[in-house]
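Following: one structure in structure tokens, then a few remarks.
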Amino acid sequence: MTNQVPETTSQPTSADRTLDKRLRRHVIGRIRDYYVVTVPGFEALCRRELVDLGLSEADMRLERGGVGFRARFVDCQRANLNLHTATRVLMRVETFPATNLRRLAKNADRIAWELFFSTAKGLSVKVKSHRSRLYHTGAIAQTLESSIARRLTQADRAEQPVTVPQTLYVRVVDDQVALSVDSSGESLYKRGFKSGPAHAPIRETLAAVILLSAGYDGLMPLVDPMCGSGTFSLEAAMLAKQMAPGIGRAFAFMGWPAYTEKKWAFLKREAQSRIDVLDRPRIFASDVDPATCARLSATIGQHGVTDAVMVEQKDFFHSRGDHYGRTPGLVTINPPYGIRLGSQRQADDLFRAICRH
């Protein structure tokens with residue numbers, strides 16, 4: 001399902017070689033500012049994941065809802081591929097002051113947009129403004145779109161094909177404009193694993209945060225007795241097998257001029273070499289609905305985690321601890337909620353019964 005960037009067989013021109021040199025100097029080889037968006041309140045977990053990838057903790061800063069770090073483009077790709085707790089990864093392009101649209105356009109026109117975008121087609125500009133004289137978000141977006149289109153036309157890049165949709169995030173605070181390019185594309189909680197409806201869905205990134213916060217290390221047993229679509233079980237399986245959560249999906253950076261399929265293939269091989277093969281399942285998923293269990297079993301088989309997860313059709317209240325061995329472990333439950341529980345009294349009775357069991 002990975003979007004591939006078409007390769008050209010023509011000989012590179014002098015302009016191509018010049019652009020390649022600039023890309024190596026300003027994007028590929030340069031240490032830039034990046035920002036990982038994560039679940040608010042759990043930024044420290046995301047920072048720990050970044051440190052485990054080999055990034056310097058001294059160059060990181062925690063903010064509400066994210067972690068800033070300094071790194072190279074290859075580290076940005078590796079973060080998208082490997083982070084369990086991230087929602088998306090942004091690369092900072094530029095920061096400058098602007099109090100009106102004229103000043104915004106003048107500063108934007110100085111940016112070498114051809115280093116970040118192959119075309120202005122399919123580009124989305126998302127703007128937030130707080131406490132600034134530059135407050136009209138629609139006008140800000142239009143100004144930047146025009147600047148990018150002009151620059152790419154001058155650089156003979158206007159007719160490049162759209163390979164992957166791109167997004168420019170604009171944040172204006174106290175008359176300071178920060179421009180960042182989204183390297184992820186679709187939110188990183190979309191692992192490319194699950195399909196079909198779920199009655200009580202939970203995002204994969206939140207499930208990973210819950211598991212890691214509870215101390216799940218991938219070695220202990222995990223019982224998921226109301227598994228539904230299997231989010232907890234699948235996230236636990238990736239942790240147990242040391243599987244990169246982004247190994248089966250595409251990313252926005254695949255449409256960047258700096259992206260090369262060769263380097264990405266190396267990073268994927270690097271991630272695949274770390275995947276463990278387990279001698280027996282450590283995650284025990286079950287649900288009362290047979291169709292739900294069948295879908296999860298198919299997903300597990302399709303994505304190569306059958307050695308980590310066992311699926312059974314079973315009522316929660318028929319589950320017994322001795323069925324899962326004697327090793328201490330964790331139970332994770334995302335029970336039904338809302339109108340499916342009936343009256344308030346019925347809901348209270350169900351939760352009391354769950355806790356007793």
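Predicted, not measured: the structure shown is a model, and the values here were computed from it. Any value given below was found using the heavy atoms of this structure, including those in side chains, with hydrogens, waters and symmetry copies removed.
One finds the CG atom of Leu234 at 11.0 Å from the CG atom of Leu239 (value rounded to the nearest 0.5 Å). Summarising the geometry, atom CG belonging to Leu50 is positioned 11.5 Å from atom CG belonging to Asp59; distances are rounded to the nearest 0.5 Å. Taking CD from Gln77 and OH from Tyr259, the interatomic distance works out to 7.5 Å, rounded to the nearest 0.5 Å. The distance from atom CZ of Arg282 to atom CG of Leu219, rounded to the nearest 0.5 Å, is 5.5 Å. In this structure, the separation between CD1 on Ile28 and CZ on Arg22 is 12.5 Å, given to the nearest 0.5 Å. Atom CZ of Phe253 sits about 4.0 Å away from atom CH2 of Trp264, to the nearest 0.5 Å.
Residues Tyr216 and Val305 fall within the same hydrophobic cluster, defined by Ile, Leu, Val, Met, Phe, Trp and Tyr side chains chained together at heavy-atom separations under 4.5 Å. Hydrophobic clustering (ILVMFWY, side-chain heavy atoms < 4.5 Å, transitive): Val125 and Val164 are in one cluster. Hydrophobic cluster membership is shared by Leu123 and Leu144, with clusters built from Ile, Leu, Val, Met, Phe, Trp and Tyr side chains linked at under 4.5 angstrom. Hydrophobic clustering, with ILVMFWY side chains joined whenever heavy atoms are under 4.5 angstrom apart, groups Leu188 together with Phe73. Hydrophobic clustering (ILVMFWY, side-chain heavy atoms < 4.5 Å, transitive): Phe317 and Phe284 are in one cluster.
Classification of the Phe117-Trp113 ring pair by plane angle, with boundaries at 30° and 60°, yields parallel.
Contact check on Glu94 versus Arg110 returns no salt bridge, with no Lys/Arg side-chain nitrogen under 4.0 Å from an Asp/Glu carboxylate oxygen. Between Lys241 and Asp276 there is no salt bridge, since no side-chain N of the basic residue sits under 4.0 Å from a carboxylate O of the acidic one. Using a 4.0 Å cut-off between charged side-chain N and carboxylate O, Arg17 and Asp20 make no salt bridge.
Counting only distance, with no hydrogens or angles, the side chain of Arg131 and the backbone of Val173 share no donor-acceptor pair below 3.5 Å. A donor-acceptor pair under 3.5 Å is formed between the side chain of Ser183 and the backbone N or O of Val89. Checking side-chain atoms of Arg32 against main-chain N and O of His26 turns up a donor-acceptor pair under 3.5 Å. With hydrogens and angles disregarded, no donor-acceptor distance shorter than 3.5 Å links the side chain of Thr38 to the backbone of Gly66. A distance-only check finds no donor-acceptor pair linking the side chain of Gln242 to the backbone of Ile275 [under 3.5 Å]. In this structure a side-chain-to-backbone donor-acceptor pair under 3.5 Å is missing from Ser147 to Thr143. Judged by distance alone, with hydrogens and angles left aside, the side-chain atoms of Asp307 form a donor-acceptor pair with the main-chain N or O of Leu278 at under 3.5 Å. The backbone N or O of Leu101 lies less than 3.5 Å from no partner atom in the side chain of His136, so there is not a single donor-acceptor pair. The backbone N or O of Gly228 sits less than 3.5 Å from a side-chain atom of Asp287, completing a donor-acceptor pair. A distance-only check finds a donor-acceptor pair linking the side chain of Arg249 to the backbone of Glu186 [under 3.5 Å].
For the pair Phe42 and Ser213, the minimum side-chain heavy-atom distance is below 4.5 Å. Here the side chains of Phe193 and Met238 are in contact, with some heavy-atom distance below 4.5 Å. Inter-residue side-chain proximity for Trp256 and Gln166 is flagged as met; some heavy-atom pair is nearer than 4.5 Å. Using a 4.5 Å heavy-atom threshold, the side chains of Gln272 and Ile247 count as touching. Side chains of Phe116 and Val27 form a contact here, defined as non-hydrogen atoms less than 4.5 Å apart. The closest side-chain heavy-atom distance from Glu235 to Arg191 is below 4.5 Å.
Scanning all heavy atoms of the two residues, the minimum distance from Thr306 to Pro281 falls at O-CG, 4.3 Å. Of all heavy-atom pairs spanning Arg103 and Ala98, the tightest one is CG-CA, 3.8 Å. Shortest non-hydrogen contact noted between Thr327 and Pro221 is O-CG, 3.7 Å. For Leu222 against Ala236, the heavy-atom pair with the smallest separation is CD2-CB, 3.4 Å.
Arg88 is linked by a side-chain hydrogen bond (donor to acceptor under 3.5 Å, both in side chains) to Asp182, counting only residues two or more places apart in sequence or in another chain. Residues that satisfy the side chain to side chain contact (heavy atoms under 4.5 Å, CB included) test with Ala214, not counting sequence neighbours, are Leu330.
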Trace of the salt bridge (Lys or Arg N to Asp or Glu O under 4.0 Å) decision for Arg78 with Asp75: CA-CA 5 Å; Arg78 191 176 281 118; Asp75 300 307; 3.4 Å; yes

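For Gln142, the CD atom counts as loosely surrounded, since its 6.0 Å shell holds 12 or fewer non-hydrogen atoms of other residues, nucleotides or ligands. In this structure, Arg171 places its CZ atom where only 12 or fewer heavy-atom neighbours from other residues, nucleotides or ligands lie under 6.0 Å away.
Side-chain contact of Asn80 with Ser184: a donor-acceptor pair under 3.5 Å is present, judged by distance alone. Under the 3.5 Å distance criterion, with hydrogens and angles disregarded, a donor-acceptor pair is assigned to the side chains of Glu312 and His323.
The stretch residues 40-49 participates, sequence neighbours left out, in these side chain to side chain donor-acceptor pair (under 3.5 Å) pairs: Glu49-Thr85.
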